[in-house]
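Just so it is clear: chains get the letters A, B, ... in the order the sequence lines come, proteins before strands, and each one is counted from 1. Every value quoted in this text rests on a predicted model; they were computed, and no experiment measured them. Below, all heavy atoms of this structure are taken into account, side chains as well, without hydrogens, waters or symmetry copies.
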Number of protein chains: 2
Amino acid sequence: MTEHSATTSAAAEPATARGEQTRQLILDTAMRLFRERGYAQTTMRAIATEAGVAVGNAYYYFASKEHLIQEFYSGSQAEHRNRSAQVLRRENDFAARLRGVLHAGIDVNAPYHSFAATFFKTAAEPTSPLSPFSAESSPAREASIALFREVLEGSTAKVDPELRRDLPELLWLAYMGVILYWVHDRSHDQTKTRTLVDGAVPLIDRLVGLSRLRVVRPVTREVIALIHALRH
Amino acid sequence: MTEHSATTSAAAEPATARGEQTRQLILDTAMRLFRERGYAQTTMRAIATEAGVAVGNAYYYFASKEHLIQEFYSGSQAEHRNRSAQVLRRENDFAARLRGVLHAGIDVNAPYHSFAATFFKTAAEPTSPLSPFSAESSPAREASIALFREVLEGSTAKVDPELRRDLPELLWLAYMGVILYWVHDRSHDQTKTRTLVDGAVPLIDRLVGLSRLRVVRPVTREVIALIHALRH
DNA sequence: GTCGTAGTTTGAACACGTTCAAGAAGGGTG
DNA sequence: CACCCTTCTTGAACGTGTTCAAACTACGAC
């Protein structure tokens with residue numbers, strides 16, 4: 001499963017109302033137990049029992065235990081967009097918009113911090129479909145990048161036109177960095193991650209502003225060329 | 001095991017020559033099988049059988065299957081220091097030294113790229129003792145940071161004195177970033193990671209050089225203050 | 001030589017994720 | 001109503017990581 005993926009016996013999309021209901025029941029039960037006991041301490045048997053179905057039934061709808069988490073992932077992403085929309089409507093300063101969206105991302109995920117670690121563990125594995133870089137999560141990634149495109153485009157920021165095209169992806173990458181820090185953040189209520197955001201945003205803002213200066217321009221070009229060469 | 005660590009029934013350090021021998025035999029067998037078949041495809045039973053011992057014996061010396069990998073981790077780190085030493089003796093230009101050490105890091109790990117992903121998966125989990133940020137791998141981390149301190153101190157680079165103290169840690173962090181990219185790098189012979197290093201090093205070099213300029217100084221201070229606030 | 005103890009080794013047993021062949025429900029078609 | 005076919009459900013069985021009580025080994029003390 002690790003070295004060769006692809007064999008994932010794709011779980012079924014429910015085709016009937018009954019199916020949809022069962023799927024939702026299993027998912028809700030799983031999420032509840034994950035929150036109550038943690039991911040590792042929640043067995044598939046426990047989920048099935050609590051949901052009142054057979055173990056195999058869970059595997060009819062979800063290819064694996066980890067795939068149960070992917071659901072929460074896309075759910076939280078939608079919620080992230082919602083909460084960001086408020087800030088984006090209010091602000092038009094680039095730094096304020098970026099800061100708002102980053103904080104919104106933390107807000108949305110905060111309730112799951114305790115088992116986000118487990119999710120992250122899987123996501124970090126390159127062959128995993130849950131990896132934020134994988135083809136399988138490409139739609140989710142694109143949606144997230146689109147959010148940062150909106151941060152930029154709705155703002156008054158003046159940016160090197162060539163950088164403008166790639167900046168949303170870079171901001172998304174920075175967001176991934178924030179998440180990475182957040183996952184490891186053991187401080188109370190993850191306040192340190194807030195500090196990181198509040199400290200990093202002005203720096204990014206200044207950097208982006210500088211990108212247009214004639215002296216810095218060549219460096220900007222260099223960076224852009226590099227990330228183009230590195231993209232998959 | 002995920003949410004609450006600590007319970008790790010610590011595996012024994014061999015106290016006799018016989019023990020030392022068995023431990024080494026198990027480790028060698030495991031590493032061979034990992035390379036031959038990949039991590040996931042290698043069962044503890046297979047390791048035990050091939051090594052000619054009982055399954056339980058492997059667990060006497062290694063707390064878990066993943067702990068077998070930690071051994072390779074510290075081994076590769078020693079090898080990284082060795083190989084870096086050659087470059088560090090030859091060069092005294094900061095960029096050249098940094099580039100050399102980063103490439104050495106990739107060289108050393110290249111043979112294990114196929115299953116480094118699995119290792120990384122575990123290392124990414126915050127609660128794991130294998131995490132490069134964990135207390136348990138603190139000695140390894142310190143050793144690695146020391147390597148980057150040598151990169152800096154043996155060089156002719158002029159650096160803001162306040163930054164000088166923290167720069168090695170930042171370089172180590174950049175190295176972690178390179179490794180992160182490398183793990184996900186699917187290009188032939190991971191040539192893209194080489195591109196990343198060759199592209200990023202001049203940028204870092206320029207940035208470090210700028211840190212002393214009167215205009216940039218306040219930003220430098222800001223960055224330093226931020227990373228101090230964020231350190232655990 | 002016998003005993004005691006620390007160190008080592010064993011393999012059956014356990015828990016959990018996952019699979020799969022068999023069957024049940026549901027509902028359209030004649 | 002009888003039939004078929006898709007969709008869904010079941011739970012026993014499998015493979016694998018891990019545990020543990022019991023046994024074995026080595027070796028110094030007496």
* Residue of the set B:D189, B:D185, B:D107 for which salt bridge (Lys or Arg N to Asp or Glu O under 4.0 Å) holds with B:R194 ->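 Per the salt bridge (Lys or Arg N to Asp or Glu O under 4.0 Å) rule, the option paired with B:R194 is B:D107, out of B:D189, B:D185, B:D107.
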
* Who are the side-chain contact (heavy atoms from CB on, under 4.5 Å) partners of A:S76, not counting sequence neighbours? ->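 Expected list: A:F72, A:V108, A:N109.
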
* With B:L170, which residues qualify under side-chain contact (heavy atoms from CB on, under 4.5 Å), at least two apart? ->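 By the side-chain contact (heavy atoms from CB on, under 4.5 Å) rule, B:L170 matches B:L163, B:L167, B:I227.
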
* Tell me, please, which residues at least two apart from A:H103 pass ring-ring contact (aromatic ring centres under 6.0 Å, His included). =>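 With sequence neighbours excluded, A:H103 shows a ring-ring contact (aromatic ring centres under 6.0 Å, His included) to no residue whatsoever.
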
* Asked: Taking the six-membered ring for Trp, are the ring centroids of B:H67 and B:Y59 within less than 6.0 Å of each other?
  ->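 Aromatic pair excluded; centres sit 6.0 Å or further apart.
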
* Row check, B:Y39 ring normal vs B:K65 NZ/CZ: under 6.0 Å, within 45° ->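 Yes, a cation-pi geometry.
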
Show the distances under 3.5 angstrom between N or O atoms of the protein and N or O atoms of nucleotides 15-17 of chain D.
from   : atom 1 : to    : atom 2 : distance (Å)
D:dG17 : OP1    : B:K65 : NZ     : 2.8
D:dG17 : OP2    : B:M44 : N      : 2.9
D:dG17 : N7     : B:R45 : NH1    : 2.8
D:dG17 : O6     : B:R45 : NH2    : 2.7

All N/O pairs under 3.5 Å across the protein-nucleotides 6-9 of chain C interface:
from  : atom 1 : to    : atom 2 : distance (Å)
C:dT8 : OP1    : B:A15 : N      : 3.1
C:dT8 : OP1    : B:T16 : N      : 3.0
C:dT8 : OP1    : B:T16 : OG1    : 2.8
C:dT8 : OP2    : B:Y60 : OH     : 3.2
C:dT8 : O3'    : B:R18 : NH1    : 3.4
C:dT9 : OP1    : B:T22 : OG1    : 2.9
C:dT9 : OP2    : B:N57 : OD1    : 3.3
C:dT9 : OP2    : B:Y61 : OH     : 2.8
C:dT9 : O5'    : B:N57 : ND2    : 3.4

* Which pairs pass side-chain hydrogen bond (donor to acceptor under 3.5 Å, both in side chains) with one or both residues in residues 13-34 of chain B, sequence neighbours excluded? ->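 Matches after skipping sequence neighbours: B:R23-B:E71, B:R32-B:E36, B:R32-B:E50.
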
